[in-house]
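Residue numbers start from 1 in every chain, and the chains themselves are labelled A, B, ... in the order their sequence lines are given, proteins ahead of strands.
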Amino acid sequence: MEKTSTDAEVSKNFIEKIIEKDLENNVISNGIVTRFPPEPNGYLHIGHAKAISINFSVAKKYEGVCHLRFDDTNPAKEELAYMEAIKKDISWLGFKWEPHEYFASDYFSAIYDIAVELIKQGKAYVDTLTPEQVREYRGTLTQPGKNSPDRDRPIEENLELFEEMRNGQHADGTMVLRAKIDMSSPNLNMRDPTLFRIKKIDHHRTGDTWSIYPMYDFTHPISDAIEGITHSLCSLEFEDHRPLYDWVVENSGLQATPHQYEFARLNLTYTVMSKRLLLQLVKEEHVSGWDDPRMPTLSAMRRRGFSPEAILDFTEKIGVARANSLVDYALLEHCVREDLNTTALRIMAVLDPLKVIIDNYPQDSEEWFEAENNPENPAAGTRKIPFSKVIYIEKDDFMENPPKKYFRLSPGKEIRLKHAYYITCTGIIKDGDQITEIHCNYDPESRGGSTPDGRKVKGTSHWVSASHSIDCEVRLYDRLFTAEIPGSRTGNFLDDINHNSIKVLKECKAESLIRELASDQHVQFLRTGYFCIDEKDSTPEFPVFNRTIPLRDSWEKLKKKMGI
RNA sequence: UGGGGUGUAGUCAAGUGGUUAAGACAUCGGUUUUUGGUGCCGACAUGCGUAGGUUCGAAUCCUACCGCCCCAGCCA
C-alpha cells in the first residue's frame, strides 16, 4: 500500500500517540479523561484556546470526557466573576463539560487529610523558617540546599502544629507544611516543597472554613487522581514539576495514577499573552478593557467578530509539539478569512463616501436590483437593493489623475456598479482641492451589470443609494503592536504599541439591512472586509461595526510596489 | 558552572534506518472572476543546529560540540 495520504490521514500529535499506546496496552480502565484547569484570576485568551482545544478534542476523539476544573487554591488572587466569563468563553468555543464541573476547593478537606497522613508517615513536616530563611536553605541552581532545623520535628508535634495552622492559631507566613523529599535534589521542586501555607482570608467558595490553603503542586495531582484524570496535559514550564506530581500521586494513597504530559504553549507574533501584560494594557488604558477588540482574549475576539470555528481551526493548524514556537499572526488571519468567506452575508457599505450624481438617470425614479447574499453559498439566497440618481461610492474608488493599472473610476472612464449599471465619469465638482461630488452617465443597456455587446469593464465598485442608505459608524482595527515580539528591542513592550491600531469612521453609509442584523451575524462589506455589530456600543438608530479583518488587497500591494 | 527540555524552509509542523524530506501559513508567478475578494495552477529545504562516526544506505543510530527555552513563590 502506498503512502498516498488522503485527507483522512492526518498525522497524529505526540499526545495522541501516547494515548493510543496507553489504550493499546490496556492501562486505561475507564476511558480517557482530561481536564482544563483554569485559575479564575483573569480572562481566557487565544493561548488558552489552544489548551482547551487540545484537552477537549483529544477527549472527544478517544470517546472520553474532559472536565472543567477551576484551580481555585489561592483566594488572594481569584474572583468569582472570572468563573462566569471563563465558562462563557469555553461554551462559545463550542465545548461542553457538564456534568463535569469541579473546583479544586471541593477537595480541600481530602487534601488536608492526605497531608495529615503524610505527616503520620514522616513524609511531611511543619517548618517555622521564615520565607527568607526557606529561600536561603533551598540552595541555588548549582548548590544543594540544606535541611531545615524543623525537618526532624517529631510526628506528634507536626500533627499538633498543623492542626493549629488549620485552626488559625498562627499568623500568615509563620509556618508552612512541607514535604520531606530531598534538599539536595538537582530539581529545586523536590527540595522539600511547600504543601500548605497559612492565608487567613476568605475563599470565594469555602468562605472562612480554611485558614490554610494547599499549593498547586500538592493540589493538582490529588485533584487529578480524585477525578480519575488519565492524561493531565499542561504547558512546558511544568516539566520540572512532574517528579513532584508523581511523588504526590504515589504518596497520596489514592488509587488512580494520572500522568502529566507537557506541550509548548502558544506564542503569537504581534501580541502579548501574559496575564500580567494584558492586565497592564487594561489598567493603563492602552485599550478600553479586556474585551477591547484588539486584545487577544477570547471575549475580545468574539466582540471583534472572530468565529469560534476559525479559532478552533487555528488551534488545529498550529499543531501540538514540545518545541517553543512563535506562530505567525497571519495564520490566525487566514483561518478567520477562510471561515468568514463561506459564512458572511455580503452587504454594500461605503466607509468613506463620495457623492455621485448620475445625470442621465431620471430624477425621481428608483429601481431594485437583486444581489446575492453569498457567492460562495447560493443557498444563502438573494436580496433586493435600491438604486437611484444619487449614490455614494468609496473615495478610494475615484482618482482624477489615475496611475497605471488603476482601473477604478476616473474622468472619462467606465466602471461597473456591482449588481447595477455601468457608469462613465463626465465631470468633477471641487471645493478648492477637495472633490465634493462627481457626475456620471449610466448605460441603460448595462442593467444588472453586463451589456448585450459584452464589452469588458475592468473595475467594479460597491455603492449605496444616497436616499436609501443608513448612517453608521465603523471601527477599523489593526494589530496592537508593530513588532513581532513586543518589547524585544527595548525591553518594554509598550514601546512597540501601534498607535494607529484603531481608526473610527463615523460617516459611513450602508444598506438599510444593517438595522436588522443579529448581534452575532458576520457580514462582509463588499470589497472591504469582514465586520460585525459591536455588541456594546451599537444601537438600532446608529449601528456601530467592528472590522474583524480586511479582505486581502492586492491593489494595495501593487501600489506599494509601484511606489504610490 | 546543577537539573530538565528543545533545534527540519521566513513561520508552524510531519517524518522514528531505504519516501522525490508531507501538509499549512507567508512570499512570488500565472489563471478565472460582476468583490483588485474567492477559486484554480505553479514556484519555494541536493537539505534536517555543527562536526565526526556506524551503515550498502542516516533528518532518523552513536559521540562531541553549539544555540535557544524553563527552574532558586508561602503564584499557578
Side-chain angles (χ1 to χ4, degrees), chain A residues 2-3 5 7 9-13 37-39 41 71 73-74 76-78 127 129-131 134-136 138-145 172-178 185-191 194-199 212-213 215-217 219-220 234-243 262 264 269 275 316-335 337-338 341-342 346 348 372 375-376 405-408 416-420 422 446 448-450 457-462 484 524-529 550-558:
Chain A
E2 274 189 41
K3 249 187 170 176
S5 57
D7 48 355
E9 185 71 37
V10 184
S11 55
K12 295 178 177 73
N13 65 50
E39 183 186 14
N41 71 342
D71 222 333
T73 60
N74 188 351
K77 288 185 161 186
E78 296 149 7
D127 196 344
L129 249 29
T130 64
V134 168
R135 199 181 315 127
E136 284 162 26
R138 182 153 36 226
T140 67
L141 293 177
T142 51
Q143 292 171 320
D172 288 18
T174 53
M175 52 184 71
V176 292
L177 182 73
R178 291 230 252 170
S185 171
N187 181 344
L188 301 246
N189 294 115
M190 300 301 270
R191 320 243 262 228
T194 301
L195 267 22
F196 267 94
R197 77 291 214 189
I198 302 171
K199 270 182 194 289
I212 56 173
Y213 294 94
M215 299 289 288
Y216 165 87
D217 281 321
T219 308
H220 211 82
C234 63
S235 46
L236 249 28
E237 66 268 31
F238 290 99
E239 243 172 319
D240 292 343
H241 296 240
R242 194 169 61 229
E262 312 86 14
T269 56
K275 276 181 189 170
E316 274 165 33
K317 282 195 162 85
I318 56 176
V320 182
R322 288 175 58 83
N324 289 312
S325 61
L326 177 64
V327 176
D328 194 339
Y329 191 82
L331 179 59
L332 213 209
E333 295 185 319
H334 164 80
C335 294
R337 286 199 183 97
E338 190 177 50
N341 179 45
T342 62
R346 309 294 137 116
M348 292 208 282
E372 58 203 348
E376 306 298 319
K405 294 192 178 166
Y406 182 86
F407 39 85
R408 303 180 187 180
R416 168 172 36 238
L417 295 175
K418 179 83 178 174
H419 301 306
Y422 291 0
S446 64
S450 60
V457 179
K458 260 251 162 117
T460 300
S461 282
H462 57 280
E484 287 202 343
Q524 182 196 107
F525 287 163
L526 222 62
R527 299 208 307 133
T528 305
L551 254 29
R552 297 189 69 179
D553 190 346
S554 59
W555 168 237
E556 208 48 50
K557 256 185 209 169
L558 229 196

message = Going by purine N1 to pyrimidine N3 plus the second Watson-Crick contact, or the G-U wobble pair, all under 3.5 Å, which nucleotide sits opposite B/U54?
response =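 Across all strands, not a single nucleotide pairs with B/U54.
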ask   = Given that both distances must come in under 3.5 Å, which nucleotide forms a Watson-Crick or G-U wobble pair with B/G42?
value =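 Across any shown strand, B/G42 pairs with B/C28.
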ask   = What does A/Q524 touch in the nucleic acid at a heavy-atom separation under 4.0 angstrom: a base, only the sugar-phosphate, or nothing?
value = base
ask   = Checking all strands, does A/R337 fall into the base, sugar-phosphate, or nothing category for heavy-atom contacts under 4.0 angstrom?
value =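 Nothing: the residue A/R337, judged by heavy atoms under 4.0 Å, touches no strand.
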Once side chain to side chain donor-acceptor pair (under 3.5 Å) is applied, do any residues pair with [X], and if so which ones, sequence neighbours excluded?
X: A/D328; result: none
X: A/E237; result: A/S235, A/R265
X: A/H462; result: A/E394, A/R527
X: A/D217; result: A/H241

Who passes salt bridge (charged side-chain N to carboxylate O under 4.0 Å, His left out) against [X], sequence neighbours left out?
X: A/E39; result: none
X: A/R337; result: none
X: A/E136; result: none

If you compare every side-chain N and O of [X] against the phosphate oxygens of [N] (OP1, OP2), does one of them come in below 4.0 Å?
X: A/R552; N: B/U27; result: yes
X: A/H462; N: B/U35; result: no
X: A/K458; N: B/U33; result: no

Sugar-phosphate or base contact per nucleotide [nucleotides 71-76 of chain B; S, B, -; heavy atom under 4.0 Å] = BBSBBB
Measure the distance from [atom1] on [X] to [atom2] on [N] and round it to the nearest whole Å.
X: A/E333; N: B/C12; atom1: CD; atom2: C1'; answer: 15 Å
X: A/M348; N: B/G37; atom1: CE; atom2: C1'; answer: 15 Å
X: A/Y329; N: B/A26; atom1: OH; atom2: C1'; answer: 15 Å
X: A/Y406; N: B/G36; atom1: OH; atom2: C1'; answer: 11 Å

ask   = Counting only distance, no hydrogens or angles, is the base of B/G3 paired donor-acceptor with the side chain of A/E239 under 3.5 Å?
value = no
note = Among the nucleotides B/G36, B/G7, B/U38, whichever has the atom closest to the side chain of A/N341 is B/U38
Look for any protein N or O under 3.5 Å of an N or O in nucleotides 9-11 of chain B and output each such pair with its distance, or none.
| from | atom 1 | to | atom 2 | distance (Å) |
| --- | --- | --- | --- | --- |
| B/U11 | O3' | A/L326 | O | 3.0 |
| B/U11 | O2' | A/L326 | O | 2.8 |
| B/U11 | O2' | A/D328 | N | 3.4 |

